[in-house]
Amino acid sequence: MIGPVSALFQLPGWVDLLFALFVGIAFGYALEQGGFSSSRKLAGMFYGYDTTVLKVFFTAALVALVGARLLSFFGLLDLDLVFVNEYYVNAAIAGGVIMGLGFIMGGFCPGTGVCAASIGKTDAMVYVLGGVTGAFLFAETWPWVAPLAMKNYKGPLQIHEVLGLSSGLFTLLLIVAAVAMFWLAEKAEKRFARPDIGGLNDPGMHPEDTKKV
Amino acid sequence: MKSKPYMNPYLAGTLLGLALLSAMFLSGRGLGASGGMKYCVVSAVGAVDREHALESAYYSKYFEEGKHPLANWLTVELAGLLIGGFISGALSGRLGLKNERPPHVSGRKRLFFAFLGGLLFVYGAQLARGCTSGAALSGMAVLSVAGFVTMAAIFGSAFLFAWFFRKLWI
């Protein structure tokens, strides 16, 4: 076993932060290259004219999922030392619904908002300002929201355990489901096509507002 | 410089997946974005009103044992995200100040909803203990139920609310 590297080799904290910087740069680069720095491209997901979100999101989840299982299979990664999100039933659902509302209003999620702000999108900068305000409001309303946040705690529960499947079989099913969704997404893009949005000649990009730097 | 087209989405997704896989392999973690924002807020509150920060059950845990909330994996990763996005934008000729919106939406309206959307999204992310990156994407990659439930709740509700906000986008 050589991974997770920082835990197994008990590396000093600053090395782990160096890893964080490297991971962050790769994260931001991939998001921007995929077109996630454009709110109109992201919002296209919910109106069918641009399904980049679905394609990038599920491809990424599967690459990481399959990659981690392969590394573990070849004895290179100890999956027991990789963080598994803890499941608080009510908070996951309520938080997810609030996030969905924020997504359709703002056109970004936090990661894509920061990514878009980094290339100069002013709507994204205002979105991030709103995000920071949201984090502040959450901290200040914590005593009031804590009962909901802590309710129905299930621990770091994994989905294949709940379904009674092996992790390998579940991964295979997920790949099949993703391929079916990619096929549907390609069809939706043809049906709801809006060649005027997000392309290089998009009038909505408001070239008159653009200040090249 | 003329803008280059975006990368093929499946290729960009593979790159994003490799970024997430390296976070798992190097640090035993997933990706995150809203968490870094939280640490920035905690740090700012600690600088402005130390007393309030130490009295509050929420903030005080981030200042235990002389810890500094900015010297944190998620904050540094968020700084990397800014750098990586900027590098990509610079290489592809996409840098420039621009309030992106459909032609029929006024600039002020776009900014108003951008602010409100950001506020709601990050509030919800604190509640769900992660956003699209930290809970949905990273959670799915480790097969956590929380990841799948959060993903379904975010995208399912956004599809439901989309009808009400269609004038903002189409």
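Sequence lines set the chain letters: A, B, ... in the order given, protein chains first and strands last, and positions in each chain run from 1. Because the structure is predicted, anything quoted here is derived from the model rather than measured.
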Taking all non-hydrogen atoms of both residues, which atom of [X] and which atom of [Y] are closest, and how far apart?
X	Y	answer
B/Ala146	A/Asn85	CB-CB, 4.1 Å
B/Gly85	A/Ile119	O-CG2, 3.4 Å
A/Leu65	B/Ala141	CD1-O, 3.3 Å
B/Leu21	A/Ala68	CD1-N, 3.4 Å
B/Leu127	A/Gly95	CD2-N, 3.8 Å
A/Val84	B/Ser144	CG1-CB, 3.7 Å

Side chain, backbone, both or neither: which part of [X] has a heavy atom under 4.5 Å from chain B?
X	value
A/Val162	side chain
A/Phe57	both
A/Leu81	backbone
A/Phe36	neither
A/Leu54	neither
A/Val89	neither
A/Ser167	both
A/Glu86	backbone
A/Phe22	side chain
A/Phe27	both
A/Met45	both
A/Leu71	side chain

Partners passing salt bridge (Lys or Arg N to Asp or Glu O under 4.0 Å) against A/Lys55 (at least two apart in sequence or in another chain):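 Applying salt bridge (Lys or Arg N to Asp or Glu O under 4.0 Å) to A/Lys55 gives A/Glu186, A/Glu189.
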Approximate separation, where rounding is to 0.5 Å, of [X] [atom1] and [Y] [atom2]:
X	Y	atom1	atom2	answer
B/Leu137	A/Phe58	CG	CZ	9.5 Å
A/Leu31	B/Leu81	CG	CG	6.0 Å
A/Leu101	B/Ser157	CG	OG	7.0 Å
A/Leu129	B/Leu111	CG	CG	10.5 Å
B/Glu100	A/Asp123	CD	CG	6.5 Å
A/Asp16	B/Trp73	CG	CH2	7.5 Å

When you compare the side chain of [Y] with that of [X], does any pair of heavy atoms fall below 4.5 Å?
X	Y	value
A/Ile2	B/Phe25	yes
A/Arg40	B/Val105	no
A/Met105	B/Phe115	no
A/Arg69	B/Leu143	yes
A/Phe19	B/Ser22	no
A/Tyr29	B/Ile83	no

Using non-hydrogen atoms only, which part of [X] is less than 4.5 Å away from chain A: side chain, backbone, both, or neither?
X	value
B/Ser133	side chain
B/Leu168	side chain
B/Asn72	backbone
B/Ala152	neither
B/Leu18	both

Interface residue of largest heavy-atom contact number with chain B, from A/Ala124, A/Cys115, A/Cys109, under 4.5 Å: A/Cys109
Most chain A-contacting option - heavy-atom pairs closer than 4.5 Å, from [options]:
options	answer
B/Thr14, B/Asn8, B/Leu119, B/Val122	B/Leu119
B/Ala12, B/Gly156, B/Gly124	B/Gly124
B/Ser27, B/Gly89, B/Ala19, B/Ala23	B/Ser27
B/Ser138, B/Ala135, B/Gly134, B/Cys131	B/Cys131
B/Leu20, B/Leu15, B/Ile170	B/Ile170
B/Ala128, B/Ala158, B/Ala33	B/Ala158

Does any N or O in the side chain of [X] come within less than 3.5 Å of the main-chain N or O of [Y], such that one atom is a donor and the other an acceptor?
X	Y	answer
A/Thr122	B/Asn99	yes
A/Ser118	B/Phe86	yes
B/Arg129	A/Ala92	no
A/Gln158	B/Val142	yes
B/Arg110	A/Gly106	yes
A/Ser6	B/Leu26	yes
A/Tyr87	B/Val149	no

Aromatic contact between [X] and [Y], with the criterion being ring centroids under 6.0 Å apart: yes or no?
X	Y	value
B/Tyr10	A/Phe182	yes
A/Phe103	B/Phe121	yes
B/Phe148	A/Phe170	yes

Polar contact flag, side-chain donor to acceptor under 3.5 angstrom, B/Ser88-A/Gln33: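 Looking only at side-chain atoms, A/Gln33 and B/Ser88 do form a donor-acceptor pair, the distance falling under 3.5 Å.
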Donor + acceptor pair across side chains of A/Thr141, B/Tyr123 (<3.5 Å):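 Indeed, the side chains of A/Thr141 and B/Tyr123 share at least one donor-acceptor pair under 3.5 Å.
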Neighbours of chain A found in residues 37-50 of chain B - heavy atoms under 4.5 Å: B/Met37, B/Lys38, B/Val41, B/Val45
Plane angle bin for A/Trp142 and B/Tyr58 - parallel if under 30°, tilted between 30 and 60°, otherwise perpendicular: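 Tilted, since the angle between the ring planes falls between 30° and 60°.
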From CA spacing to verdict: side chain to side chain contact (heavy atoms under 4.5 Å, CB included), A/Ser39, B/Trp169: CA-CA 9 Å; A/Ser39 56; B/Trp169 303 107; 3.9 Å; yes
Neighbour count above 12 (heavy atom, 6.0 Å) for B/Lys61 NZ: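 Enclosed.
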